[in-house]
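Before any comments, here is the structure.
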Amino acid sequence: MSDTIILPKSDRDAHDIAHLQLVPRRHLGRKISAAIVLLLVALLIRAFVIGEIEWGVVGQFLFAPVILKGIWNTLLMTVCAMSLGIFLGVVIAIMRISGNPVLEKIALVYIWIFRGAPALLQLLLWFNLALIFPTMGIPGLFQVDTVDIMTPFVAAMLGLGIQQGAYTSEVVRSGLLSVDSGQYEAAQTIGMTSMQTLRRVVLPQAMRVMVPPVGNEVISMVKLTSLASVIQYSEILHNAQVIYYANTRVLELLMVASFWYLVIVTVLSLIQARIERYYARGTRGRTTL
Amino acid sequence: MSGEILVKAVDVCKSFGGFKALDNVSLEVRKGEVCCIIGPSGSGKSTFLRCINLLERIDSGAIWANGELIGYRREGDRLHEMSDAEIARQRRGIGMVFQRFNLFPHKTALENVIEGPVQVLRENPKAAREHALELLARVGLADKCGNYPAELSGGQQQRVAIARALGMRPSLILFDEPTSALDPELVAEVLEVMNDLAGSGMTMIVVTHEMGFARNVSNNVAFMDGGKLIEYGPSERVLTRPDNPRTADFLRAVQR
């Protein structure tokens with residue numbers, strides 16, 4: 001084998017080679033592929049610029065009061081539905097790991113039903129609840145017409161929030177399970193009750209695992225609220241539609257709506273990054289492989 | 001040692017599935033005493049320790065600590081299982097130090113020590129802080145109180161864990177192999193803190209493989225094997241002239 005190894009002929013040779021200038025690899029393939037992709041992007045932008053969209057109209061409606069009202073309603077629905085979803089998610093997750101067989105089964109059935117049926121279908125069900133229960137209330141105390149209560153807002157919040165709870169409960173459960181059992185024991189040995197252990201020791205650590213997926217779910221909730229346009233909740237998409245039914249500028253108004261969804265999602269992503277940093281305290285902040 | 005009895009276990013049995021982890025274990029520890037429990041792994045030492053503060057539930061027998069029956073309330077000739085809150089109250093007086101430290105990673109060293117006194121004992125946060133700083137100084141970590149556990153060495157983390165246990169002003173501290181997860185060069189600093197603690201009159205039950213600590217610091221040594229308490233007596237005698245041949249075999253094996 002030794003004759004296949006090519007060593008410098010002398011120490012002097014070796015020394016000369018060791019001090020030659022280093023030339024980095026040129027990555028020709030990377031440059032070519034980048035150029036091709038940039039060209040395609042440029043063509044796409046050009047297509048939109050010369051296409052049948054009147055950008056002036058887009059600009060005109062970008063800050064229209066109806067659109068701004070829609071943004072507010074979208075944000076409001078995102079916050080309300082997501083809060084309900086997270087609350088239900090925590091409750092269902094705790095039920096699933098409670099050790100109480102009845103609560104565990106009920107939690108599983110909840111997840112099975114509300115994760116199983118399409119979100120749009122659930123919205124329609126809540127909105128049309130009056131067809132099943134014309135009135136609601138406690139017999140002898142009070143009674144109201146379901147139609148009066150089930151406004152588009154309430155129906156959308158219940159529909160979106162309850163189905164979200166089914167997904168979020170799985171995120172919460174995996175977060176709770178990610179905390180080492182030694183943490184429960186350490187909390188117990190300093191005399192904490194189960195609730196204190198959960199609140200002071202386990203949940204703060206579980207948050208670190210839960211924030212990225214919950215952030216994802218908030219972002220998908222922003223977009224899911226557009227489904228509420230179907231039951232006449234006046235969020236961004238619904239209001240954009242109201243305008244284009246009147247002026248037939250369909251594409252322009254869809255552009256306006258997409259612009260605002262992108263803005264909201266961008267802002268939320270920035271907030272998520274900050275929250276992640278907060279819950280990563282005490283860990284050697286590893287964010288990459 | 002003729003103080004009052006602080007821990008008393010009578011005929012304690014515990015099984016995991018079909019495996020008998022504790023088989024009629026009886027033991028007494030007096031106030032101010034240091035008791036080391038030694039024995040091969042799987043002999044039930046840690047399980048016994050964990051039964052004392054109810055991290056494990058016993059199948060039969062009884063354990064008293066701090067003058068109370070642990071985990072049960074007697075009504076007539078029946079023993080009723082205690083509620084979560086009652087068990088939590090009993091655990092307050094019993095500190096525990098784990099093999100793997102189990103510090104709260106999202107809290108600094110100081111916050112780890114303060115957590116119990118403020119949240120559980122409802123101590124004034126300022127007073128709890130003062131006390132915690134004293135305790136951290138006592139374990140030699142006055143300069144590390146702002147550090148998170150991940151920034152500390154294993155030996156430092158274990159010393160914070162001891163300070164955390166002391167923060168609850170316990171009358172008894174259980175040590176579950178406190179030096180077994182440490183790099184060899186870090187063992188001494190933890191044993192030194194435990195040595196000081198023993199000197200200050202703290203009652204300690206220590207599951208350990210450190211024969212030097214058992215010999216020099218503890219008053220009594222218990223040898224367990226196969227879930228049974230094989231031999232129990234003054235450390236000097238048990239470690240040098242054991243009565244039971246199994247104790248002798250074990251000691252020969254670990255001292256080789």
Side-chain angles (χ1 to χ4, degrees), chain A residues 90-91 94-95 97-104 172 174-212 214 272-288, chain B residues 46 49-50 52-56 83-109 111-122 146-152 157 160-161 164-170 172-176 181:
Chain A
V90 172
V91 171
I94 291 173
M95 280 168 73
I97 59 172
S98 65
N100 179 331
V102 176
L103 295 188
E104 276 171 31
V172 174
S174 64
L176 295 179
L177 292 179
S178 77
V179 179
D180 185 63
S181 63
Q183 292 291 313
Y184 289 87
E185 295 186 347
Q188 287 179 332
T189 55
I190 58 168
M192 286 189 169
T193 60
S194 308
M195 274 319 284
Q196 275 179 318
T197 304
L198 203 60
R199 197 167 49 83
R200 299 285 310 177
V201 175
V202 177
L203 274 178
Q205 292 181 60
M207 285 300 276
R208 199 171 63 81
V209 178
M210 281 153 43
V211 167
V214 168
Q272 179 187 346
R274 291 192 72 115
I275 298 176
E276 276 180 37
R277 263 206 307 282
Y278 173 77
Y279 283 110
R281 71 194 191 284
T283 59
R284 297 231 176 99
R286 197 192 67 166
T287 52
T288 57
Chain B
S46 288
L49 202 69
R50 292 161 59 83
I52 297 175
N53 68 353
L54 276 166
L55 287 182
E56 303 288 355
S83 71
D84 191 37
E86 287 172 303
I87 291 171
R89 185 187 53 76
Q90 284 192 330
R91 286 195 181 115
R92 290 178 192 175
I94 307 173
M96 183 149 189
V97 174
F98 298 88
Q99 181 178 359
R100 306 216 57 92
F101 331 135
N102 295 349
L103 290 180
F104 305 132
H106 59 303
K107 293 183 185 295
T108 62
E111 288 167 346
N112 264 278
V113 182
I114 291 176
E115 183 70 11
V118 172
Q119 295 298 325
V120 178
L121 300 180
R122 302 283 164 201
N147 288 78
Y148 286 99
E151 298 162 346
L152 301 174
Q157 288 189 55
V160 174
R164 177 174 67 180
L166 288 171
M168 296 295 291
R169 305 175 196 271
L172 161 73
I173 302 186
L174 311 173
F175 291 83
D176 188 7

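Chain letters run A, B, ... following the sequence lines, proteins first, then strands; residues in each count from 1. All values reported here derive from a predicted model rather than from experimental measurement.
Only the backbone of Leu103(B) comes within less than 4.5 Å of a heavy atom in chain A; its side chain stays farther off. Using a 4.5 Å cut-off between heavy atoms, Gln196(A) touches chain B through its side chain atoms alone. For chain A, the nearby part of Leu55(B) is the side chain; its heavy atoms alone come within less than 4.5 Å.
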> Taking it one step at a time, do Val97(B) and Asp176(B) satisfy side-chain contact (heavy atoms from CB on, under 4.5 Å)?
Replying inline: CA-CA 6 Å; Val97(B) 174; Asp176(B) 188 7; over 6 Å; no
>> One pair to check against side-chain contact (heavy atoms from CB on, under 4.5 Å): Glu115(B) and Phe104(B). What are the steps and the verdict?
In response: CA-CA 10 Å; Glu115(B) 183 70 11; Phe104(B) 305 132; 4.2 Å; yes
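Put simply, of Met96(B), Arg50(B), His106(B), Arg89(B), the one with the most heavy-atom pairs under 4.5 Å next to chain A is His106(B). Interface check for chain B: of the options Thr193(A), Val179(A), Asp180(A), Val201(A), the most heavy-atom pairs under 4.5 Å are formed by Val201(A).
For the residue pair Asn53(B) / Thr189(A), no side-chain donor-acceptor distance below 3.5 Å is found, with atom types taken as modelled. No side-chain donor-acceptor contact under 3.5 Å links Gln90(B) and Glu86(B).
For Asn102(B) (side chain) and Ala186(A) (main-chain N/O), no donor-acceptor pair under 3.5 Å exists by modelled atom type.
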